[in-house]
Amino acid sequence: MKKQGTILIVDDTEMNRAMLADMLADDYQIIEASNGAEAVEALKRRQDEISLVLLDIVMPEMDGFEVLAMMNKNDWIARIPVITISSETASSYIDHAYDLGASEYISRPFDEKTVKRRVHNIIMLYSKQKELEGMVAEQVVEKEKNNFLMVEILSNIVEFRNGESGLHVLHIRTLTEIFLRKLQEMTDRYPLSAAKIALIVNASALHDIGKISIPENILNKPGRLTTEEFEVMKTHSEIGAAIMKDAMLRHHEELIEVSYSICRWHHERYDGRGYPDRLKGDDIPIEAQVVALADVYDALTSERVYKAAYSHETALNMILGGECGTFNPLLMDCLRQVAPFLKEELRLHSQGEVNEENIRALSSQILTGKKISSRTLSLLEQERTKYQFFASMSNEIQFEYNYHTDVLTMSEWGARQLGLSMLIEHPAESAEMRRVFREADYQDLRDRLRSATPDRPIAKASYRLHVGGQERWFKAVARPLWENESSGEVVGAIGKFVDIHEEQTQLARLQELAAKSDAALTQKN
């Protein structure tokens, strides 16, 4: 018979544990702890398995109240229900247990029917609660995915008209996130939850949506704008804000409100000399201040129709030297702190994208109203660093391709091995790619990926790549990514190239020796 879950029985008297185990063992897996300290250790190790805790109150070393306090401190109580068990019937005991999060109370001596019914009911109640939370989380996930998709579409339309690199929006998002995270480390002056930071990062992509109404002869003019033309260009802030304000009349969404602030005020300056409203200091919303800094840095370091790209160092000197307007002193300190690794971080972070796992984490925050601590963010950054390290140690060239943006992303180590950029736009047309990967082989891998299906998703083949001036054999293993496997819409692909040149060369030698041996035997006969 399949067990319905795992129950942790915590009691300092072995007889009590044995009696409860006998009542419940037919339906549940049983774990036992003889005191509160053992119970906490069991919860640390097996919290994801435990469906319910039956908890004695009066115990040595650590009593039941202390266990409940630890469960609250570690947020276990929200996921694992607790039924307290005790011969103490004083209301003060029972009320204190309820105050600490206990769901039910069972007194000794135990009545088997009562124990089974209450255990079953509490487990079922928590199961239903988790199911409802899951349904709400799914709705939040779907909403966030749709928001991200629409923002990406709209921002790409603007980039297409503006004739700028499709990476501009990606850079703005990345820079905005880097600056906001560093700002949160430095000060509590602008308290922002991880969910709010993600919202600002998403909205930052719409900062120039108002340019959709600017005439193309002004938008893409190669030379310096006249005074009249610049006045027209400046109206994109108000136009973008008007688009968002119109949307707010029909939809009360925080994303639209944040986008309004960014669209209207990302050209304001801290000293009040910006536009369109000449706001000063912290009258400018922090989201607009951060996007303004990100926009200026990327504009300086990127090629435009009217200018060549400045180096990272030159751009920093220009911004910090006040040549690009006045910014919040805290943001200037933030820029100084991230400056030594900003160029590399921009390249690494630009590989990331919103995925379902991230959205689910944000959904959970939205539902619980909790913030992610700086310690958790630090641990996440450590995980990213570890991933990069192990990717470089594995001798695997990892890649990811996004069909919507037509951008190929290589792992840092892999790009260095092949002598390629980490981000390659329009790889099918890239001369850089063709130097390494034959066009026919590239097309063969694409065809194999197109032929893959959700039940047979893996595409494998061996190709000769031009690496370091010579051809080497690599084995490609890749698979498509589907938006929804039932719909069959492919949104991208992931995979890796593994160097098999030595094995392939050895195999060729063995085949050659075998052929010579066969020929010799044939001659002898």
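All residue numbers in this chain count up from 1 along the given sequence. Scope of the values below: all heavy atoms of this structure, side chains included, with no hydrogens, waters or symmetry mates.
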* Looking only at heavy atoms, what is the nearest atom pair of Ile77 and Tyr126, with distance? -> O-OH, 3.6 Å

* Is there a donor-acceptor pair under 3.5 Å between the side chain of Glu238 and the backbone N or O of Pro276? -> no

* **OH/Tyr310: more than 12 non-hydrogen atoms of other groups inside 6.0 Å** => no

* Is it true that Lys196 and Glu254 have a side-chain N and a carboxylate O under 4.0 angstrom from each other? -> yes

* Taking all heavy atoms of Arg189 and all of Pro191, pick out the closest pair and write down the distance. => O-CD, 3.3 Å

* **Student check: side-chain heavy atoms of Ile178 and Leu342 closer than 4.5 Å** => yes

* Asked: With distance as the sole test, does Asn74 use its side chain to make a donor-acceptor pair with the main-chain N or O of Met70 at under 3.5 Å?
  -> yes

* To do: Could you tell me whether the side chain of Ser430 and the main chain of His426 form a donor-acceptor pair under 3.5 Å?
  => no

* Can you tell if the side chain of Leu293 reaches within under 4.5 Å of the side chain of Asn328, non-hydrogen atoms only? -> no

* Taking all non-hydrogen atoms of both residues, which atom of Ser259 and which atom of Met244 are closest, and how far apart? -> CB-SD, 3.8 Å

* If you take all heavy atoms of Ala241 and Cys263, which pair is closest and at what distance? -> N-CB, 3.8 Å

* Asked: Between the main-chain N or O of Ser302 and the side-chain N or O of Lys307, is there a donor-acceptor pair closer than 3.5 Å?
  -> yes

* To do: Verify the distance criterion only: is there a donor paired with an acceptor across the side chains of Asn317 and Glu313 at less than 3.5 Å?
  => no

* To do: Report the C-alpha separation of Lys221 and Thr226 in whole Å, then their side-chain angles, then the decisive distance to 0.1 Å, and conclude whether the side chain to side chain contact (heavy atoms under 4.5 Å, CB included) test is met.
  => CA-CA 10 Å; Lys221 183 178 178 180; Thr226 65; 4.0 Å; yes

* About how many Å separate CE of Met248 and CG of Leu255, when rounded to the nearest 0.5 Å? -> 11.0 Å

* Between Phe474 and Asp499, does a side chain to side chain contact (heavy atoms under 4.5 Å, CB included) hold up when you go through it step by step? -> CA-CA 4 Å; Phe474 282 82; Asp499 191 326; 3.7 Å; yes

* Please answer whether the main-chain N or O of Ile284 pairs with a side-chain N or O of Glu268 as donor and acceptor at a distance below 3.5 Å. => no

* **Where Ala459 and Arg448 come nearest, the two heavy atoms and their spacing** => CB-CB, 3.9 Å

* Structure fact -> Tightest non-hydrogen contact, residues Met410 and Ile397, listed as CE-CG2, 3.5 Å

* Evaluate the ring planes of His236 and His267, with Trp represented by its six-membered ring, and classify them as parallel (under 30°), tilted (30 to 60°) or perpendicular (over 60°). => perpendicular

* Asked: Tell me, do Tyr190 and Leu180 make a side-chain contact under 4.5 Å, heavy atoms counted?
  -> no

* Could you tell me whether the side chain of His171 and the main chain of Ala299 form a donor-acceptor pair under 3.5 Å? => no

* To do: For a side chain to side chain contact (heavy atoms under 4.5 Å, CB included) with Val201, tell me which candidate from Leu175, Ile172, Thr176 qualifies.
  => Thr176

* Near Glu439 CD, under 6.0 Å, is it more than 12 heavy atoms from other residues, nucleotides or ligands? -> no

* **Side chains of Leu219 and Met233 in contact at under 4.5 Å (non-hydrogen atoms)** => yes

* Asked: What residues, two or more places apart in sequence or in another chain, satisfy side chain to side chain donor-acceptor pair (under 3.5 Å) together with Tyr463?
  -> Asp444

* Structure fact -> Contacts of Phe327 meeting ring pair (Phe, Tyr, Trp, His ring centres under 6.0 Å) (sequence neighbours excluded), chain-then-number -> none

* Does a salt bridge link Arg181 with Glu177, judged by any charged N lying under 4.0 Å from a carboxylate O? -> yes

* To do: Could you tell me which residues satisfy side chain to side chain contact (heavy atoms under 4.5 Å, CB included) with Asp271, sequence neighbours excluded, listed by chain and number?
  => Arg269, Arg273, Thr326

* Between Glu502 and Arg472, is the closest basic N to carboxylate O distance under 4.0 Å? -> yes

* Assess the pair Phe437 and Phe497: is the distance between their ring centroids shorter than 6.0 Å? => yes

